[in-house]
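Single-structure report; data block below.
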Amino acid sequence: MPQYPPENVAFIGAGPAGLVTARELRREGHNVVVFERENQLGGTWIYTPATDSDPIGVDPNRRIPNRDPRRFPGHREVLDYLNDFAADFGLTGLLRLGTEVEYVGLLENGKRKEEYDAVVICNGRHTEPRIADIPGKLFKFLSGRAQ
């Protein structure tokens, strides 16, 4: 695998896509920070009363697909797996939990809070997207390197 100069890469979202992508770019030698709005990693695998009124499936009136539920892992099992994945690959120290990213763009007048070479947005399909209109340099990833 070709080696590139390390880039500083910010990730938004600590669900499955953000964790795996952060791991891969870190393996290539990039400096990685993962921002997560919630107070724990897991993305849509974090079930709360706001996301599911019956997270353990005890309500007899809950509609369940006509299939054996043991064939598929439950949300708790997937969430535990994601936590283990982050711990096993040394990603937990890269996470900034409870941190919502409010602005991504080019800064003017020398004002700067944090600067990154690239931003990877992995906030999942269940978050309403807001497409940024950022004039100037656009980033795309080829083999993990910002171009």
Side-chain angles (χ1 to χ4, degrees), residues 1-59 62 64-65 69 71-147:
M1 182 177 294
Q3 294 295 316
Y4 301 105
E7 302 279 353
N8 294 319
V9 184
F11 286 79
I12 300 173
L19 294 173
V20 170
T21 309
R23 177 192 68 176
E24 292 305 310
L25 289 183
R26 187 167 179 231
R27 280 181 169 178
E28 289 194 12
H30 299 289
N31 303 310
V32 174
V33 174
V34 182
F35 294 91
E36 172 56 50
R37 167 176 58 186
E38 301 301 328
N39 290 320
Q40 64 183 37
L41 65 85
T44 59
W45 294 100
I46 302 169
Y47 281 54
T48 66
T51 59
D52 190 340
S53 63
D54 185 32
I56 59 173
V58 295
D59 183 353
R62 182 178 191 201
I64 298 173
R71 291 183 182 177
F72 304 97
H75 76 274
R76 186 72 213 164
E77 188 175 358
V78 174
L79 182 58
D80 288 343
Y81 173 84
L82 293 173
N83 278 287
D84 291 344
F85 179 91
D88 289 348
F89 289 103
L91 300 176
T92 53
L94 309 176
L95 300 173
R96 295 198 189 167
L97 301 174
T99 305
E100 184 171 359
V101 175
E102 296 177 355
Y103 175 80
V104 174
L106 301 175
L107 299 175
E108 298 176 9
N109 302 326
K111 295 179 183 176
R112 174 182 312 172
K113 290 194 176 193
E114 292 187 39
E115 185 175 317
Y116 295 91
D117 300 308
V119 176
V120 180
I121 300 173
C122 300
N123 62 349
R125 64 186 184 98
H126 298 290
T127 301
E128 185 176 327
R130 290 189 289 171
I131 309 294
D133 181 18
I134 302 173
K137 186 174 183 180
L138 297 178
F139 295 96
K140 66 178 181 177
F141 280 84
L142 300 173
S143 300
R145 182 169 187 238
Q147 298 291 318

Which heavy atom of [X] sits nearest a heavy atom of [Y], and at what distance?
{"X": "I46", "Y": "E38", "value": "CD1-CB, 4.4 Å"}
{"X": "V104", "Y": "V101", "value": "CG2-CG1, 3.7 Å"}
{"X": "L94", "Y": "R26", "value": "CD1-CD, 3.6 Å"}
{"X": "V34", "Y": "A14", "value": "CG1-CB, 3.9 Å"}
{"X": "F11", "Y": "G18", "value": "CD2-O, 4.1 Å"}
{"X": "E7", "Y": "H30", "value": "N-ND1, 3.0 Å"}

Do [X] and [Y] have side chains that approach each other closer than 4.5 Å (heavy atoms only, starting at C-beta)?
{"X": "Q40", "Y": "L79", "value": "yes"}
{"X": "V119", "Y": "V9", "value": "no"}
{"X": "P16", "Y": "L82", "value": "yes"}

* **Atom pair CG/CG of N83 and D88 - distance to nearest 0.5 Å** =>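 The CG atom of D88 is 10.5 Å from CG of N83, to the nearest 0.5 Å.
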* **Pairwise distance CG(L97) to CG(N39) - rounded to 0.5 angstrom** =>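 One gets 7.0 Å once the value is rounded to the nearest 0.5 Å.
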* To do: Could you tell me which residues satisfy side chain to side chain contact (heavy atoms under 4.5 Å, CB included) with F85, sequence neighbours excluded, listed by chain and number?
  =>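 Only L19, V20, R23, Y81, F89, L91 meet the side chain to side chain contact (heavy atoms under 4.5 Å, CB included) criterion with F85.
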* Is a side-chain N or O of D117 found less than 3.5 angstrom from the main chain of N8, in a donor-acceptor match? ->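 Yes; at least one donor-acceptor contact below 3.5 Å.
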